[in-house]
Amino acid sequence: MTRHARNCTAGAVYTYHEKKKDAAASGYGTNSQRLGKNSLREFDCCCLSLQPCRNPVITKDGYLYDKESILQYILTKKKEYARKLKEYERQKQKKTEQSQQESATKELEYLKNFLEKSRTIVHNKDQKPKEEAGASTSVSNMANGRDKELPSFWIPSKTPDAKEEILTKPDKNIYCPMSGKVLKMKDLIPIKFTEVKDDSDKKSLIVKQARYMCPITHDVLNNSTPCAVIRPTGDVITMECYEKLIKKDMINPLDNSKLTEEDIIPLQRGRTGYAAANEDLEGKHKRPALQC
């Protein structure tokens with residue numbers, strides 16, 4: 001069988017390229033596209049604002065945040081918890097009042113029935129009190145306290161068939177937006193990046209491609225370089241530096257202090273467009289399936 005060109009339409013073989021081309025033109029099937037470098041966060045950018053950190057802090061899991069952004073996130077979550085707790089307490093108080101009112105109504109009804117039965121001993125059974133007769137024959141929608149329970153057909157929450165949403169007690173814990181674990185302000189660890197010193201390069205720090213380096217080996221840090229943070233000092237180093245220079249004796253070369261394995265926190269990388277550095281780098285968009 002001869003080889004078919006990409007734009008060949010008379011071939012007996014439906015090639016993969018023709019299938020992808022027809023799927024893109026028809027609007028059916030699943031579109032898959034590899035994410036490029038411009039679509040992903042840089043290693044020194046905040047996980048919330050996606051901007052270079054001015055006051056970088058990390059969590060115990062190694063996720064990088066700008067201090068201002070993460071504190072604003074924590075404050076927003078606390079305000080949301082206070083609002084939900086107030087609504088929950090209001091609904092709980094309302095249910096308590098309703099239960100008390102129902103119990104009082106039942107006691108009043110029980111007393112009314114008792115008086116009615118005791119009255120029938122003296123009066124004739126066929127005679128009925130005027131109050132009961134008037135109450136039973138009343139067609140007004142304002143009688144018997146129904147003026148406070150009138151439905152509203154303009155407000156969805158007050159329609160006759162609308163049911164009140166049952167609220168649950170909100171969780172007071174604040175969770176990390178990346179790892180989903182409990183996040184506290186005291187768990188945030190301040191870190192510092194060592195800038196690359198180049199007197200010939202007069203560009204701004206944000207414009208530079210090589211902005212930071214390892215303070216021990218002076219290797220340039222980027223998305224494809226695994227990094228770690230020395231917890232006591234907050235210095236960002238490469239994992240290669242840790243494996244070759246620090247791991248053997250567990251001594252910090254910067255200040256000769258003793259380290260433990262818990263003092264080394266791997267920094268979550270900002271990801272690149274290469275599968276060797278990260279996972280789940282393919283974006284998929286599902287569309288209707290083509291049916292014959």
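- No side-chain heavy atom of Cys53 sits less than 4.5 Å from a side-chain heavy atom of Tyr65.
- Put simply, Leu188 and Ile58 are part of two different groups of oily side chains (I, L, V, M, F, W, Y) that touch within less than 4.5 Å, one to the next.
- Using a 4.5 Å heavy-atom threshold, the side chains of Asp263 and Val229 count as separate.
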Let me have the donor-acceptor pairs involving side chains of residues 246-253, under 3.5 Å, with sequence neighbours excluded, atom names and distances please.
residue : atom : partner : partner atom : Å
Asn252  : OD1  : Leu254  : N            : 3.1
Asn252  : ND2  : Asp255  : OD1          : 3.1

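- Atom CE of Met213 sits about 14.0 Å away from atom OG1 of Thr225, to the nearest 0.5 Å.
- Under the 4.5 Å side-chain heavy-atom criterion for grouping Ile, Leu, Val, Met, Phe, Trp and Tyr, Ile216 is connected to Met239 within one hydrophobic cluster.
- Atom-to-atom distance recorded for Tyr63:OH and Leu183:CG is 12.5 Å, nearest 0.5 angstrom.
- In this structure, Glu68 and Arg54 have side chains that are in contact, with non-hydrogen atoms separated by less than 4.5 Å.
- Distance OG1/Thr59 to CD/Gln268: 8.0 Å, rounded to 0.5 Å.
- Between Asp171 and Tyr81, the closest heavy-atom pair is O-CD1, 3.6 Å.
- Between Arg231 and Glu262 there is no salt bridge, since no side-chain N of the basic residue sits under 4.0 Å from a carboxylate O of the acidic one.
- One hydrophobic cluster holds both Met178 and Met185 under the rule that ILVMFWY side chains link at heavy-atom gaps under 4.5 Å.
- A 4.5 Å side-chain heavy-atom check between Leu108 and Lys112 finds every atom pair outside the cut-off.
- Side chain of Asn223 to main chain of Phe43: a donor-acceptor pair is present (N/O by atom type, distance under 3.5 Å, no hydrogens or angles).
- For residues 173-194, the set of pairs meeting the salt bridge (charged side-chain N to carboxylate O under 4.0 Å, His left out) definition, not counting sequence neighbours, comprises Lys60-Asp187, Asp61-Lys181, Lys192-Asp235.
- With hydrogens and angles ignored, the 3.5 Å screen pairs no side-chain donor or acceptor of Arg90 with any backbone N or O of Lys94.
- By the criterion of side-chain heavy atoms lying less than 4.5 angstrom apart, applied directly or through intervening Ile, Leu, Val, Met, Phe, Trp or Tyr residues, Leu267 is grouped together with Ile189 in one hydrophobic cluster.
- Side-chain contact check for Cys214 versus Val236: every heavy-atom pair is 4.5 Å or farther apart.
- A donor-acceptor pair under 3.5 Å is absent between the side-chain atoms of Asn113 and the main chain of Tyr110, judged by distance alone.
- For CG of Leu111, the number of neighbouring non-hydrogen atoms (other residues, nucleotides, ligands) closer than 6.0 Å is greater than 12.
- Residues Tyr175 make up the rest of the hydrophobic cluster containing Val182, defined by ILVMFWY side-chain heavy atoms closer than 4.5 Å, directly or through other members.
- To the nearest 0.5 angstrom, Arg41 atom CZ is 8.5 Å from Asp44 atom CG.
- Annotation: the span from Cys241 atom SG to Ile230 atom CD1 amounts to 7.0 Å, rounded to 0.5 Å.
- The heavy-atom pair separating Pro226 from Ser224 by the smallest distance is CD-O, 3.5 Å.
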### Message
Run Lys84 and Glu80 through salt bridge (charged side-chain N to carboxylate O under 4.0 Å, His left out) and show every step you take.
### Response
CA-CA 6 Å; Lys84 291 182 178 180; Glu80 184 179 357; 3.2 Å; yes
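- By the 4.5 Å heavy-atom criterion applied to side chains, Asn55 and Pro190 are not counted as neighbours.
- Judged by distance alone, the side chain of Ser103 and the main-chain N or O of Gln100 form a donor-acceptor pair under 3.5 Å.
- No side-chain donor-acceptor contact under 3.5 Å links Asp66 to the backbone of Ser69.
- A distance of 5.5 Å separates CD1 of Ile174 from CD1 of Ile74, quoted to the nearest 0.5 Å.
- The side chain to side chain contact (heavy atoms under 4.5 Å, CB included) with Val57 is formed by just one residue from the set Leu71, Ile70, Leu64; it is Ile70.
- Between Tyr212 and Thr194 there is no side-chain heavy-atom pair separated by less than 4.5 Å.
- Heavy atoms only, all atoms of each residue included: Tyr88 and Thr168 are closest at CD1-C, 3.7 Å.
- With respect to the salt-bridge test (charged N to carboxylate O, under 4.0 angstrom), the residues Lys106 and Glu102 do not qualify.
- Under the 3.5 Å distance criterion, the side-chain polar atoms of Gln51 are left unmatched by any main-chain donor or acceptor of Cys46.
- Between Lys244 and Glu240 a salt bridge is recorded (basic side-chain N to carboxylate O distance below 4.0 Å).
- Here the side chain of Thr105 pairs a donor or acceptor atom with the backbone of Gln101 at under 3.5 angstrom.
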